[in-house]
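Just so we're on the same page: letters track the sequence lines, and every chain starts at 1.
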Number of protein chains: 2
Amino acid sequence: MKFSTKGRYGLKAMFDLATHHGEGPVALKNIARRQEISEHYLEQIFATLRRSKLVKSVRGAQGGYLLNNPPEQITVGEIIRTLEGPIGPADCVVDKNSHECLNQDSCVTRLVWTRIQQSVNEVIDTTTLADMLEDQKRIKNDENHMFYI
Amino acid sequence: MKFSTKGRYGLKAMFDLATHHGEGPVALKNIARRQEISEHYLEQIFATLRRSKLVKSVRGAQGGYLLNNPPEQITVGEIIRTLEGPIGPADCVVDKNSHECLNQDSCVTRLVWTRIQQSVNEVIDTTTLADMLEDQKRIKNDENHMFYI
DNA sequence: TGAAATCCAAGCAAAACAGTCGGAAATAAG
DNA sequence: CTTATTTCCGACTGTTTTGCTTGGATTTCA
């Protein structure tokens, strides 16, 4: 029940991009340094993000990546699903044609998986990069950083 | 972001046990047949469940497993955490001493992971096996089974 | 005594994970 | 025009996790 590094690094990197939104292209090298992620590995992640139109790239010297939409219009859910695939605790709630639910009894456990899936969706689909920028402001203003523990 | 077969089979098996609560020991062979799970693999799962006192065993012929507490007192969360370990989308919200959060910026993404974790906890910690038995009654009463789709 | 069950320890193939490596192509700056 | 910078692309690889299987030992009821 954990996300892989693709999803975790990807969200960090997208948030990094959001903090530099409006300042022109950001080079992977800088994101990699700030977030302590292998640059080559980040390349793979950004290839996926670019193909799904969450970012756009500028090639060549002084190039880099930019958000393809303002932070208000990019949800955590879009980022994570792009990098992790569809979210759900079991195949039978992700893939309609799963063969795990032949038994009628198992439909009840499926109900549990569905509830988990929906509660995760609720969080990730209602949180945008702009919301995260707001969160960061609040964290920065609170000197002892206690409220989020 | 998926549970492994241990968690998924484990919940199915525990629900199976719950449906036979009060009828004496249930043999793994029967659970395995009903839920279409390898019997030997189920053994491993039940070894874990037994060590964490969610079930008790009766050895020998006519033996089997029983819930160690009534279905009202066993939550989905207990079962899943026993079999999957602590739940959370990233190490930094599961393991306090994780080294992933050195950068202050990353605390914001951590806030997202925490919200996901809490919303999953809310579901699994408030659902008991007794709730699932109730769900099954509702499903059985609804002939066309449409409400849970 | 024997069948039915849990208990226990190992082993193992396949898949997923988390990268690395080497170079090609594009572009801005000097 | 050249060079440094940067994205782009594809292949490869070691490690870990997953999802079992196998083979037996032990307990207990009939």
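Residue-level contact check: A:Lys6 touches neither bases nor backbone, having no heavy atom under 4.0 Å from any strand. Across all strands shown, B:Tyr65 has heavy atoms under 4.0 Å from sugar-phosphate atoms exclusively, and none from any base.
Taking atom CG on A:Leu83 and atom C1' on C:dA16, their separation rounds to 16 Å, with Å as the unit. For the pair A:Lys56 NZ and D:dC8 C1', the interatomic distance rounds to 19 Å; values are reported in whole Å. Rounded to an integer number of Å, the gap from B:Glu43 CD to D:dT26 P is 16 Å. Rounding to whole angstrom units, CD of residue A:Glu39 and C1' of C:dT20 are separated by 13 Å. Between A:Ile45 atom CD1 and D:dC9 atom C1' the separation is 16 Å, expressed in whole Å. For the pair B:Tyr41 OH and C:dA10 C1', the interatomic distance rounds to 16 Å; values are reported in whole Å. In this structure, A:Glu84 places its CD atom 11 Å from C1' of C:dC17, rounding to the nearest Å. Taking atom CZ of residue B:Arg33 and atom C1' of nucleotide C:dA5, one finds them 15 Å apart after rounding to whole Å.
Side-chain N/O atoms of A:Arg50 include none lying less than 4.0 angstrom from OP1 or OP2 on D:dT7. Contact between the side-chain N/O atoms of B:Ser57 and the OP1/OP2 oxygens of C:dC7 is found at a separation under 4.0 Å. Between A:Thr5 and C:dC17 there is no side-chain polar atom (N or O) within less than 4.0 angstrom of OP1 or OP2.
Listed nucleotides D:dT7, D:dT28, D:dT21 differ in distance to B:Ala61; the shortest reach to its side chain belongs to D:dT28. Side-chain atoms of B:Ser4 lie closest to D:dG19 of the nucleotides C:dG19, C:dC21, D:dG19. Comparing D:dT7, C:dA5, D:dT21 against the side chain of B:His40 picks out D:dT21 as the nearest. Residue A:Ala27 has its side chain nearest to D:dT7 when only D:dT7, C:dC7, C:dG19 are considered.
For D:dT27, the base has no donor-acceptor partner in the side chain of B:Arg59 [N/O atoms by modelled type, under 3.5 angstrom]. Side-chain atoms of B:Gln62 and base atoms of D:dT27 include no donor and acceptor less than 3.5 Å apart.
For B:Leu83 against B:Lys6, the heavy-atom pair with the smallest separation is CD1-O, 3.2 Å. Across all non-hydrogen atoms, the minimal contact from B:Thr128 to B:Glu72 is CG2-O, 3.4 Å.
Each of B:Asn30 and B:Gln44 was assigned the nucleotide of DNA chain C with the nearest heavy atom; the assignment lying further toward the 5' end belongs to B:Asn30.
Ring pair B:Tyr41/B:Tyr9 is perpendicular by interplanar angle, where above 60° counts as perpendicular and below 30° as parallel.
Counted by atom type alone, B:Asn141 and B:Arg138 present zero donor-acceptor pairs between their side chains at under 3.5 Å.
Residues A:Thr75 and A:Thr126 fail the side-chain proximity criterion, which asks for heavy atoms closer than 4.5 Å.
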